[in-house]
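Here's the structure we're looking at; comments come further down.
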Amino acid sequence: MTLIRGHIIALDPTNKQATYFAKACGVARLAYNWALDNWQKQYQADKTYRNECLKNGIEIDKNQLNQPSQGKLRKQLNSIKRQQFPFMLEVTKCSPQLAIMQLGDAFKRFFKLIDINNKPFIKVPNLGLVRMREKLRHTGKILSAKIFKQGGKWFVSVAVELQDIIKPQPKTGKQVGIDLGITDLATLSNGEKVQAPKPLKAKLNKLKRLSKSLSRKQKDSKNREKAKTKLSRLHFKISNIRKDFLHKLTTSLVKSYDVICLENLNVKGMAKNRKLSRAINDLGFYEFKRQLIYKANQWGKTIKELDRFYPSSKTCSCCGFIMDKANLTLAVRYWTCPNCQTLHDRDINAAMNILNHATKVLTI
């Protein structure tokens, strides 16, 4: 079994190397915008030519068509860059060429990474060795790498193809159902509730203040660049707090249980709710599920998923009675089953139903 794992490592570039990275990113952006503009112009010219031929009953001459493609645009850029864009010669040719090849992702794969005896360095064409904060934690075939800037710092993301990744954890004989929510991120069928740190909510006032400060700075000024860096660092910190919490939680769950049962939530649809979207995005439902699945596959555990339309919150986990939707709004956190008189905590009851019924569906 093979798996491609992304591995992000912080870099320690010198001032010269950081300047080079900034130039390479700028060249990639320019090449992308130039290619997109020319692609659209050539496509429109071909469309006009075809319409004229059809209108006048003339056979279309393929030699008169531009038929834009990334290969043709790369050759076209190479033919003019020495005259029109001589600064492109100051950075690796990978930047403009691969930016054109990846029009949908301007920064994707425009640096080539070379593994150097498993040392904490990468070799960038035309630049040399750049120190990494740590060695690659994964061994395998290196497929690609990209260098990017986030929160005022430079990182390299390395895609590694892993072989024989399954390293089974000791079996615990336990299984659990998990109900995801906003008040408590995860409610387990054993009654345990896990609250998320909600970093966006905690730092929202500071985020607003820095955003307002950035909007007041003069365009292209040094102060605007400083304000932009501060805002970027805060966004990066919020993201790191969320990811760190989710990694610790998912790792703990996979190590503690052999079978984990989840609800198939429509996260994209839930995020369209204006009153709940910020809270849902702050919790990271999708990332929680993604991490659980790949860690379970890696450690030989099982994930089972319950259909999203199953009424887990409205169904009594004791007798199976289903409450009317009108009598169980989101504001109701506890309810008593009219049939068996059992008092339910809404979220724990849902988690128990997810555990009991998830075995009927396929394993992820």
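Just so it is clear, the model here is predicted, and its values are computed rather than measured.
Not a single donor-acceptor pair under 3.5 Å links the side chain of Gln84 to the backbone N or O of Lys81. Counting only distance, with no hydrogens or angles, the side chain of Ser232 and the backbone of Lys228 share no donor-acceptor pair below 3.5 Å. Side-chain atoms of Asn349 do not come within 3.5 Å of backbone N or O of His344 as any donor-acceptor pair. Distance alone, capped at 3.5 Å, is enough to place a donor-acceptor pair between the Ser189 side chain and the Gly177 backbone. Side-chain atoms of Thr315 never come within 3.5 Å of backbone atoms of Ser312 as a donor-acceptor pair (strictly under, hydrogens ignored).
Separating the CZ atom in Phe85 from the CH2 atom in Trp34 is a distance of 7.5 Å, to the nearest 0.5 Å.
Residues Asp12 and Arg133 are paired through a salt bridge, judged by an N-O separation under 4.0 Å between the basic side chain and the carboxylate. Salt-bridge annotation for Asp37 and Lys41: present, with a side-chain N of the basic residue lying under 4.0 Å from a carboxylate O of the acidic one. Of the charged side-chain nitrogens involved, none lies within less than 4.0 Å of a carboxylate oxygen, so that Glu263 and Arg308 do not count as a salt-bridged pair. A salt bridge between Lys222 and Glu225 is absent, with no side-chain N of the basic residue lying under 4.0 Å from a carboxylate O of the acidic one.
The two residues Lys219 and Arg224 come nearest to each other via the heavy atoms CA-CD, 3.6 Å.
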**OP:** Start with the C-alpha gap between Lys193 and Thr187, add the side-chain angles, then the distance that decides, and say whether side chain to side chain donor-acceptor pair (under 3.5 Å) holds.
**Re:** CA-CA 4 Å; Lys193 294 187 177 184; Thr187 301; 5.2 Å; no

Original post:
Going through the distances and angles, do Tyr310 and His357 end up as a ring-ring contact (aromatic ring centres under 6.0 Å, His included)?
Top reply: CA-CA 9 Å; Tyr310 178 78; His357 293 270; 4.6 Å; yes

**OP:** Evaluate the criterion ring-ring contact (aromatic ring centres under 6.0 Å, His included) for residue pair Phe236 and Phe155; output intermediate values, then yes/no.
**Re:** CA-CA 12 Å; Phe236 185 53; Phe155 298 86; 5.3 Å; yes

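Side-chain contact check for Thr172 and Asp258: at least one donor-acceptor pair (N or O, by modelled atom type) lies under 3.5 Å.
Side-chain heavy atoms closer than 4.5 Å link hydrophobic residues (I, L, V, M, F, W, Y) into clusters, and following such links, even through other members, never connects Met352 to Leu253. By the rule that hydrophobic residues join a cluster once side-chain heavy atoms approach within less than 4.5 Å of another member, Tyr334 and Ile348 end up as members of separate clusters.
Pairs of residues two or more places apart, or lying in two chains, that qualify as salt bridge (Lys or Arg N to Asp or Glu O under 4.0 Å) and include a residue from residues 232-253 are Arg242-Asp282, Asp244-Lys248.
Qualifying salt bridge (charged side-chain N to carboxylate O under 4.0 Å, His left out) partners for Arg333, counting only residues two or more places apart in sequence or in other chains: Asp347.
Checking each of Val176, Leu188, Asp179, Ile178 against Ile354 for a side-chain contact (heavy atoms from CB on, under 4.5 Å) leaves exactly one that passes, namely Asp179.
Sparse packing is recorded around OH of Tyr286, with 12 or fewer heavy atoms of other residues, nucleotides or ligands lying under 6.0 Å away.
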